[in-house]
There are 2 protein chains.
Amino acid sequence: MSTRPAVTLAQRKRQLVSDELSEAALQLLALKGFDGVTIDEIAVAAGVSKRTFFRYFASKEDVVVQFLSGMGEAMRAELAARPAGEPPSVALRHTVQVPVAECADRSDHAERALRVVRLILRTPALRARFLERQAQWRDDLATELGRRLPPGPDTDLWAHLAAGMTLTAFDTVLRRWSDSDGTEDPTTLTDRAFTLLAPALDSGQPSV
Amino acid sequence: MSTRPAVTLAQRKRQLVSDELSEAALQLLALKGFDGVTIDEIAVAAGVSKRTFFRYFASKEDVVVQFLSGMGEAMRAELAARPAGEPPSVALRHTVQVPVAECADRSDHAERALRVVRLILRTPALRARFLERQAQWRDDLATELGRRLPPGPDTDLWAHLAAGMTLTAFDTVLRRWSDSDGTEDPTTLTDRAFTLLAPALDSGQPSV
DNA sequence: TGCCGTATTGACACTTGGTGTCATGGAGGG
DNA sequence: CCCTCCATGACACCAAGTGTCAATACGGCA
């Protein structure tokens, strides 16, 4: 066959185990709550040993949070791709819409996302990890925003605040979406949020 | 003697143990890092058993985070005390200045605060707990803001976003203060941040 | 003064999260 | 056919928390 497959069999096997673990964990956690499930249970359910679990995930929180891992990079990439002349409020709104759209579309994937988000928001340990991850995204967005601006004394401060407002909007939308059990449309919610934020995002830029 | 002292001897003893524990923990954690200190060490240093430690603090993180526990309530109270007619940006700026002022004043208390904040910001587990606590404060500020506004369809959304912006400003100021080793003045930093946020805080209120 | 209910504590055992180490076994390459 | 690499499981181990129980000290009361 192909002498040099783009993805080796070992890699696919690894992915398979990871998926199995993820699946088992989400199933059990949603069913019995975060503290009601031990890692041994998850590992056994996935047909591996506890030690192997920790070769795929750094912690119990990690299984859940890694489910949303792509969002940060997706947002950063979207922001980087927005045209330079675009007003910040528009660029950032589109940035947030990227992960939000994943929740908005009506598919089994979206339904699973709702379950995960609900689990995160109502479990303090998970919520804490999620916020930590958000803080990381905030820094990434801030540096990306810094690239779009002429350097000035308040540029860095403004970038961090703007990134913070953006993530605040994201977090708020996510919570309302979760609390409403997915009935509220996160896309229009995001638009409304950015209407409120726009004055600061667009006119608040430092005047040297 | 007084037949019914306002604070009993038992209560004072409890406070004493708590202080001793806090002191020992902060000392050791700042010295050897969060993961470099076991709870046994802290307990022994304070002259109690590990079991007693957990009767005063829920977790290792809790010792540190509880050090800042007053801030949330102080902010909520300050916001509640601001005059009703005051523009949101002014009221919220003063709200943030309350905890910031504790860092700004040049005293041994402020120096200790700097050590604690630095420890929190550079320790992922502590940072996560701190963000969790901030999320709580955000909800509190949001409900307090809701009281100042006429009820409308976007009032709740606006309140959460405004509270989020406020806490973002707080977090950003804290980080710059910590990164600059306390040389940057957090008070003026806060003022600058709210100058940037004011357009959204004051004009962004929902029109029905 | 002597007794009793209550709160604090230390000791101990136990569960669970998380890590280091090693031996095994299977897949693929020469 | 052998050799190397990598994933895995088994095991021991540490540290975070928690439940339980006995001892002790405090405060009220007769």
Side-chain angles (χ1 to χ4, degrees), chain A residues 1-22 24-26 28-29 32-66 119 123-129 132, chain B residues 1-22 24-25 28-29 31-66 123-126 128-129 132:
Chain A
M1 311 304 159
S2 57
T3 57
R4 201 167 272 266
V7 10
T8 77
L9 181 130
Q11 282 175 316
R12 270 179 300 162
K13 247 174 75 178
R14 236 188 118 71
Q15 187 61 43
L16 206 85
V17 176
S18 176
D19 289 348
E20 198 72 26
L21 240 11
S22 238
L26 260 40
L28 287 173
L29 291 176
K32 317 204 318 188
F34 187 74
D35 293 324
V37 183
T38 72
I39 292 186
D40 271 299
E41 279 183 86
I42 298 173
V44 167
V48 298
S49 71
K50 171 185 130 187
R51 196 63 187 83
T52 292
F53 174 93
F54 283 108
R55 288 195 178 97
Y56 286 83
F57 301 97
S59 68
K60 205 160 113 180
E61 290 96 334
D62 201 39
V63 204
V64 185
V65 173
Q66 222 179 76
L119 180 65
T123 307
L126 287 175
R127 179 150 178 75
R129 292 288 167 183
E132 195 191 349
Chain B
M1 306 302 167
S2 57
T3 57
R4 202 169 273 266
V7 0
T8 76
L9 182 128
Q11 281 174 317
R12 271 179 298 162
K13 247 174 73 175
R14 237 188 119 70
Q15 187 61 44
L16 207 83
V17 176
S18 176
D19 289 348
E20 198 73 27
L21 240 12
S22 238
L28 286 173
L29 290 176
L31 188 65
K32 315 205 316 188
F34 187 75
D35 293 322
V37 183
T38 72
I39 292 186
D40 271 299
E41 279 182 85
I42 297 174
V44 167
V48 298
S49 71
K50 171 185 129 187
R51 195 64 186 83
T52 293
F53 174 93
F54 284 107
R55 290 196 178 98
Y56 285 84
F57 301 97
S59 68
K60 207 160 109 180
E61 290 96 333
D62 200 39
V63 203
V64 185
V65 173
Q66 222 178 75
T123 306
L126 287 175
R129 292 288 166 184
E132 194 190 351

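Letters go in sequence order (proteins before strands), and every chain restarts at 1.
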Whole angstrom value for the distance that separates [atom2] of [N] from [atom1] of [X]:
X      : N      : atom1 : atom2 : answer
A:E41  : C:dT16 : CD    : P     : 8 Å
B:L21  : C:dT8  : CG    : P     : 14 Å
B:F34  : D:dA15 : CZ    : P     : 14 Å
B:I42  : D:dA15 : CD1   : P     : 12 Å
B:I39  : D:dG17 : CD1   : C1'   : 8 Å
A:R129 : C:dG18 : CZ    : P     : 8 Å
B:F54  : D:dA15 : CZ    : C1'   : 9 Å
A:E61  : D:dA16 : CD    : C1'   : 13 Å

Are [X] and [N] close enough that a side-chain N or O sits under 4.0 Å from OP1 or OP2?
X     : N      : value
B:Y56 : C:dT9  : yes
B:R14 : C:dT8  : yes
A:T38 : C:dT16 : no

**Prompt:** Would you say the base of C:dG18 and the side-chain of A:R51 have a donor-acceptor pair closer than 3.5 Å?
**Reply:** no
**Message:** With hydrogens left out and only the distance checked, is there a donor-acceptor pair under 3.5 Å joining B:K50's side chain and the base of C:dG10?
**Reply:** no
**Message:** Between B:K13 and B:V17, does the side-chain contact (heavy atoms from CB on, under 4.5 Å) criterion hold? Intermediate values first, please.
**Reply:** CA-CA 6 Å; B:K13 247 174 73 175; B:V17 176; 5.7 Å; no
**Asked** Base, sugar-phosphate alone, or nothing: which one does B:S49 contact when heavy atoms must sit under 4.0 Å apart?
**Response**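 Base, at least one base atom sits under 4.0 Å.
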**Prompt:** Base, sugar-phosphate alone, or nothing: which one does A:K60 contact when heavy atoms must sit under 4.0 Å apart?
**Reply:** sugar-phosphate
**Message:** On DNA chain C, compare the nucleotides closest to A:D40 and B:V17; which residue's is nearer the 5' end?
**Reply:** B:V17
For the residue pair [X] and [Y], what are the closest heavy atoms and their distance?
X     : Y     : value
A:F57 : A:V63 : CD2-CA, 3.7 Å
A:E20 : A:A46 : CG-O, 3.8 Å
B:K32 : B:E41 : NZ-OE1, 2.8 Å

**Item:** Selected nucleotide, minimal atom distance to A:R55 side chain, candidates C:dT9, C:dC22, D:dG17
**Value:**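 Given the options C:dT9, C:dC22, D:dG17, the side chain of A:R55 is closest to C:dC22.
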**Asked** Can A:F54 and A:I39 be said to form a side-chain contact (heavy atoms from CB on, under 4.5 Å), step by step?
**Response** CA-CA 9 Å; A:F54 283 108; A:I39 292 186; 3.2 Å; yes
